[in-house]
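Single-structure report; data block below.
Per chain, numbering begins at 1; letters A, B, ... match sequence-line order. Worth knowing before you read on, the calculation uses all heavy atoms, side chains too, and leaves out hydrogens, waters and symmetry mates.
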Amino acid sequence: MTEVLSDFIRALRAADVRITTSEAIEAGATLALIGYEDRELLRQGLAQALSKSVDEKQAFFETFDSFFAFRSFSEGGGAQGAAGEDDKGAPGEGQSPGGEQGEQQGEAEGQGGQPSGKASGQGMGAGESEPAERESLVDLLERGDRAALQERLADAARRVNLNDIRFFTQRGMFAVRILNLMGVEEVDDVIAAAEASDDPGERGRGERLHAARTALREEVRDYVEKQLAIFAANAGRKLREEILADTRLNAIDRSDMRIMQELVRKMAKRLIALHARRRRIARRGQLDIRRTIRANIEYDGLLFHTVWKRRRLERPKVMALCDVSGSVSQTARFLLMFLYSLHEVLPNVRSFAFSGNLGEVTELFEHNDVDYAMAETLSRFGGSTDYAEALETFERLAGDEVDHRTTVLILGDARNNNGEPRADILRKIHDRARRVIFLNPEPRSSWNTGDSVMRKYEACCDTAQVCATLKDLERVVSDLMRTAI
Amino acid sequence: MTSGDSVADIRGRLGEIGYICDAGIATALYLCRELDKPLLIEGPPGVGKTELAKAAASITGRPLIRLQCYEGLDETKALYEWKYGKQLLYTQVLKEKLGDLLQGAKGLKDSLGRLHEFDDTFFSEEFLEPRPLLKALWEKDGAVLLIDEIDKADDEFEAFLLELLSDYQISVPELGTIKARTTPLVFLTSNNKRELGDALKRRCLHLHIPFPDMALEQAIIKSRVPQAEPRLRAQLVSFVQGLRKLDLKKLPAVSETIDWARTLVLLNAKDLQPDLVRSTLNVLLKYQDDIVEAEPEVGGLIATAHKEAEYRAIN
């Protein structure tokens, strides 16, 4: 497999396209078959071998376009921007994204990545040793040989392992290393000598070289920037997601909301994949003797076919009661978002919001965007918290529908403003429901302090747990799905 | 489609038999043949996923063997089944012949020895009833195997396909491994009802067929409904393309466009007229909600379609 291809695959992985080794081998075979001549053919062929869903296809095409972008040193990059340079520049333009053309050709013809294919590639192997007959950078800059410059840049980039770049803070370091490897020190010396000299001709040369060096620096910085975009597309975001998943939900900044929503969607998707399978397994029941005998009459009553009883699929019912006052509202928002992202495996979710009074918000969340639904809920049910009133209303509204298949989720801080807790209503619900789960965003140490009546409620619940971060939420919901099925 | 055909050749051959496609689809067929890999085709319903397999069968001259997936499909329906009836008869015949076989045998040991020498065909290929997958493997000159709507089958069935897809062989516990006589061309289609497993995806090339763009769809209509005049063709394709931009439950696909074009030709339409469109909208849209949603837009879409057709006629 060529280095280009493996670099490309790394870039794809950075862009969230999952590629296994066998797929990489596949891509190598595809490449050997179609070669590099027809860009569109290559694009389609690799897409079919490497990306396996619509989302991945999109990411693939974006990465392909930026990775195999034809780039060369910009006009005037050399000390003499003479017209004659265009002829020299032309072959350089075909070299994507560096000087690997030779290797690519070798690979396509050799059909199997023999080392000889690499070695024949313009002597630009990835070896650490300096090529013996290397032209000095000064000459290259003075001639303005863009193809050779491009080649040397790509070579240097490979030797400093530019494709390991992960964070934008590494840009400067990589740029300096590449410049040094390209031999910029020599240029510095020549410029210094020229500037110190008295000869006006020599001075002019120094100025031209100075300009060329500046252009080269920009070129290198650009190149590093592009490679960073390709190879570290999602590294920063991934780190941030990891941190956000562990941050307390009510401390999350508004600017991170978008990432959070994306994160919830991802977690939900994972849970769906995990539990969809479990549900099918749970469906296999016992041998259905009557139907087995009937099915085997044609074989003279010998039981060849077995027919299994199918256990009826239990649709888990979830009723979520969310306190939407003050600090709890943020957690409520994410809980509801989570529950509605799981529609595929949890089709029966009814949600209620309360603080002063309680009302059903199922419709609101089913048909609207979360932001709108949350704002609407807050304006309808905001106010000072009254758990007793909320529980009473819930009992009246939906109490009859709580049965042995229903899981009741209550999310709140149990701070009742010193009112009557009415835990007896909760006990009644608990007796009828399959489970009552109390989620409290406060840390356990502050439960039962001040006006918190957590102790009373805890006694009437199957489980009471802390739920402050997205990870906690995921755990709760996953648990919910496991036992609800 | 024989070995050595280039992508352009394949595209031409497909066009000859009336399957108009873009470079991506032709590339997929090419790779799938050259790399001996199954091809997983995804895309909205009605864009020609199943048709592609049929077209491939037609240009290769191989028989098409189709397996329609559904929930509860298992190996006895997809792969093979023992001919139980015949096996029962066989044991009965065997019982009768047992006397002849054991004649003159001395003692139990001798009898058993003779029984073991006797050629046992109870589990042999003669008693095997081939189902589509096995049929495809047994086909001498190779077949085109279409596993349709794999997303409707259960996870277990998907797992069971893996051996076939990676090695073109299947294991029958009583017989051992059965290898393909000639590697078949395998197509799997999916409407994405559920996410397919990674293991399956990894073994296949993946082709996503989106709705066609304006030019391609016109070419398709031209090939499929040649009676439609160029002006009507341009108008109706533009109308359908416009319709796909609306927020509908089920967007009209290519097959619907073809049906609609046929309907319009049958009704002798030369031009899109609002009344005509409204009365035939049910050919394009399959949900009442969608028809209600689209009806107010009909006027605007027709106007755009007329303009676009004229623009094309001028250029």
Requested in this report: Could you tell me whether A:R10 atom CZ has more than 12 heavy atoms of other residues or ligands within 6.0 Å of it?
Outcome: yes
Query raised in the report: Quick one: what part of A:I34 sits under 4.5 Å from any heavy atom of chain B, side chain, backbone, both or neither?
Result: side chain
Requested in this report: Tell me, yes or no, whether the heavy-atom count around B:E129 atom CD, taken from other residues, nucleotides or ligands under 6.0 Å, exceeds 12.
Outcome: yes
Query raised in the report: Measuring heavy-atom distances to chain B, does A:R43 have an atom under 4.5 Å in its side chain, in its backbone, in both, or in neither?
Result: neither
Query raised in the report: Counting heavy-atom pairs under 4.5 Å to chain A, which of B:P210, B:A23, B:C204 comes out on top?
Result: B:C204
Requested in this report: Give a yes or no on whether the backbone of B:G24 and the side-chain of A:Q48 come within a donor-acceptor separation of less than 3.5 Å.
Outcome: yes
Query raised in the report: Would you call A:E26 and B:K37 a salt bridge, taking side-chain N to carboxylate O under 4.0 Å as the test?
Result: yes
Requested in this report: Against chain B, label A:K52 side chain, backbone, both or neither, depending on which of its atoms sit under 4.5 Å from a heavy atom there.
Outcome: both
**Report entry** Interface moiety of B:L88 toward chain A, non-hydrogen atoms closer than 4.5 Å
**Finding:** side chain
Report task. Kindly give the heavy-atom pair with the smallest separation between B:R202 and A:T20, and that separation in Å. Result -> CD-OG1, 2.9 Å
Query raised in the report: Within a reach of under 6.0 Å around CD of A:E40, are more than 12 heavy atoms found that belong to other residues, nucleotides or ligands?
Result: yes
Query raised in the report: What are the two closest non-hydrogen atoms of B:K201 and A:E23, and how far apart are they?
Result: O-OE2, 4.3 Å
Report task. Select, from B:T76, B:L40, B:D198, the one with the greatest count of heavy-atom pairs under 4.5 Å involving chain A. Result -> B:D198
Report task. Please examine the side chains of B:Y30 and A:L41, heavy atoms only from C-beta on, and report whether any two atoms are closer than 4.5 Å. Result -> no
**Report entry** Portion of A:S53 that has a non-hydrogen atom of chain B nearer than 4.5 angstrom
**Finding:** both
Query raised in the report: What's the shortest heavy-atom distance between A:A29 and B:L35, and which atoms?
Result: CB-CD2, 3.6 Å
Query raised in the report: More than 12 heavy atoms of other residues, nucleotides or ligands under 6.0 Å from OH of B:Y287: is that the case?
Result: no
Query raised in the report: Relative to chain A, which segment of B:C32 carries a heavy atom at a distance below 4.5 Å: side chain, backbone, both, or neither?
Result: neither
Report summary line: Rounding to 0.5 Å, atoms NE2 (B:H206) and CG (A:L50) come to a distance of 12.5 Å
Requested in this report: Taking atom NZ of B:K86 as the centre, report whether more than 12 heavy atoms of other residues, nucleotides or ligands fall under 6.0 Å from it.
Outcome: no
